[in-house]
Amino acid sequence: MRRIIQANIDRLKELLKAESDPTKRIMERRLLAEEEAKEKHLPAYDKNETKAY
């Protein structure tokens, strides 16, 4: 789950860099905020879990 959330965050940040349409930017910012909120609610890494990046 953590890897998917991190991949979504990375992808949305890249999309925001290139997007010029204000409506799409608003949607992408909202989606980014939702993914970052999900990431904050995840438990901390345990010593046996490997990081996605």
Side-chain angles (χ1 to χ4, degrees):
M1 185 68 145
R2 184 183 311 276
R3 290 179 182 186
I4 295 170
I5 292 171
Q6 187 59 53
N8 288 343
I9 290 171
D10 294 342
R11 179 68 180 140
L12 287 165
K13 285 180 178 180
E14 289 299 316
L15 286 172
L16 278 168
K17 289 179 185 177
E19 189 57 61
S20 60
D21 181 7
T23 304
K24 288 183 181 179
R25 287 185 60 81
I26 290 169
M27 180 185 64
E28 290 166 358
R29 276 194 222 126
R30 181 183 54 82
L31 291 171
L32 178 59
E34 288 176 7
E35 291 297 314
E36 289 174 337
K38 286 181 198 176
E39 185 179 45
K40 287 181 183 176
H41 287 78
L42 289 174
Y45 279 108
D46 66 14
K47 59 185 171 187
N48 296 325
E49 183 178 12
T50 58
K51 293 187 178 183
Y53 297 93

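We count residues from 1, following the sequence as given. Source: prediction; values computed, not measured.
- Evaluation of the side chain to side chain donor-acceptor pair (under 3.5 Å) test over residues 30-43, restricted to residues two or more places apart or in two chains, returns N8-E35, R30-E34, E35-K38.
- Cluster annotation: I9 and L42 are assigned to the same hydrophobic cluster (Ile/Leu/Val/Met/Phe/Trp/Tyr, side-chain heavy-atom contacts under 4.5 Å, transitive).
- Scanning for side chain to side chain contact (heavy atoms under 4.5 Å, CB included) contacts around L15 gives R11, L12, E28, with sequence neighbours left out.
- In this structure, CG in L32 is found 6.0 Å from CG in L16, a value given to the nearest 0.5 Å.
- Applying the side chain to side chain donor-acceptor pair (under 3.5 Å) definition to pairs two or more places apart or across chains, those involving residues 16-26 are E14-K17.
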